[in-house]
Amino acid sequence: MPGGRLTQQERQQIALGLADGLAYAEIARRLDRPTSTVTREVMRNGGPTAYRADLAHRATERRAHRRRQSAPRGQQPPPQTHGRDTEAVREYEEMFTTLLMQQGLPKMMSRVLTCLYTTDAGSLTASELVQRLQVSPASISKAIAFLEAQGLIRRERDERRRERYVVDDDVWYQSMIAAVRSHAQLAAAARQGVSVLGPDTPAAARLENIARFVDFVGESIARAAEQARDILRTNPEPAAAGAGAPGSDRG
């Protein structure tokens with residue numbers, strides 16, 4: 001499988017493949033590249049609907065330039081364990097951060113959350129986050145406050161009484177329940193509008209439909225979260241050697 005960075009011509013082929021509605025796996029086959037390479041490239045450069053080959057190429061050059069500039073200062077990424085490839089991990093973190101941003105999280109909050117997700121311990125102190133992300137303590141503090149308010153992380157004290165920020169097995173469940181509460185608030189606000197605008201008006205009917213829809217979605221999320229909670233507390237069985245993801249042999 002060829003290595004090295006994508007060329008500008010390869011990025012143009014990716015853009016053409018996306019425009020033709022091709023799956024990442026098919027685009028990767030045509031380039032003789034791993035599917036993961038194409039997926040990372042697209043997701044960190046706007047996603048499948050906004051990917052532009054020229055912009056992606058310039059963005060990659062800027063990132064490489066920034067890394068060359070920062071290298072002399074001695075701020076190297078932490079060493080990788082378990083035989084991981086440092087460059088592959090960095091690219092994955094960029095892709096995952098971009099995905100979180102596309103889901104609506106601000107950039108710094110996305111970077112912090114990605115950093116916590118990809119840390120084996122699942123927790124870091126503020127100083128560790130500052131060191132890993134090369135940002136100010138104030139930026140970390142603001143991001144932590146936001147993520148905690150969203151139920152995406154929690155705080156705990158370690159044996160040295162240092163405050164650590166944690167993503168654990170229950171965080172996603174709590175986040176889903178927080179979303180259910182938000183849906184309930186929206187439904188209540190919509191129904192308040194019904195009484196204000198009059199129950200027999202078109203505007204009130206529209207708001208009542210919104211409330212019913214949001215109620216149904218919220219209840220469905222709550223049921224699904226309860227049913228799936230045990231998944232977060234079990235260790236997945238290791239995949240058989242050589243086994244791929246379902247459907248990985250299809251384009």
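The environment of Arg160 atom CZ is sparse: at most 12 non-hydrogen atoms of other residues, nucleotides or ligands sit within 6.0 angstrom.
With respect to the salt-bridge test (charged N to carboxylate O, under 4.0 angstrom), the residues Arg154 and Glu156 qualify. Ionic pairing of Glu93 and Arg111 is not present here: no N-O contact between side-chain nitrogen and carboxylate oxygen is shorter than 4.0 angstrom. A salt bridge links Glu94 with Arg90: the distance from a Lys NZ or Arg NE/NH1/NH2 to an Asp or Glu carboxylate oxygen falls below 4.0 Å. Contact check on Asp54 versus Arg52 returns a salt bridge, with a Lys/Arg side-chain nitrogen under 4.0 Å from an Asp/Glu carboxylate oxygen. Ion pairing between Glu41 and Arg11 holds under the 4.0 Å rule for side-chain N and carboxylate O. The pair Arg223-Glu226 does not meet the salt-bridge criterion, since no charged nitrogen lies less than 4.0 angstrom from a carboxylate oxygen.
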Please walk me through it: do Leu116 and Leu124 pass side chain to side chain contact (heavy atoms under 4.5 Å, CB included)? CA-CA 7 Å; Leu116 288 168; Leu124 293 167; 4.0 Å; yes
Glu91 and Thr37: side chain to side chain contact (heavy atoms under 4.5 Å, CB included), yes or no, with the steps? CA-CA 9 Å; Glu91 289 187 356; Thr37 297; 5.8 Å; no
Side chain to side chain contact (heavy atoms under 4.5 Å, CB included), that's the test. Do Phe146 and Leu105 meet it? Break it down for me. CA-CA 10 Å; Phe146 177 92; Leu105 277 181; 3.4 Å; yes
Does the side chain to side chain contact (heavy atoms under 4.5 Å, CB included) test come out yes or no for Arg30 and Gln13, once each step is laid out? CA-CA 9 Å; Arg30 295 185 180 192; Gln13 289 179 268; 5.6 Å; no
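Listed here is the closest heavy atom pair of Ala25 and Thr35: CA-OG1, 3.6 Å. Looking at every heavy atom in both residues, Ala204 comes nearest to Gly198 through CB-O, 2.8 Å. Taking both residues in full, the closest heavy atoms of Ala190 and Ala211 are given as CB-CB, 3.9 Å, listed atom of the first, atom of the second, then distance. In terms of heavy atoms, Met95 sits closest to Arg40 at CG-CA, 3.7 Å. Residue Glu148 comes nearest to Ile153 through the heavy atom pair N-CG1, 3.7 Å, listed as atom of the first residue, atom of the second, then distance.
Rounded to the nearest 0.5 angstrom, Glu208 CD and Ile210 CD1 are separated by 10.0 Å.
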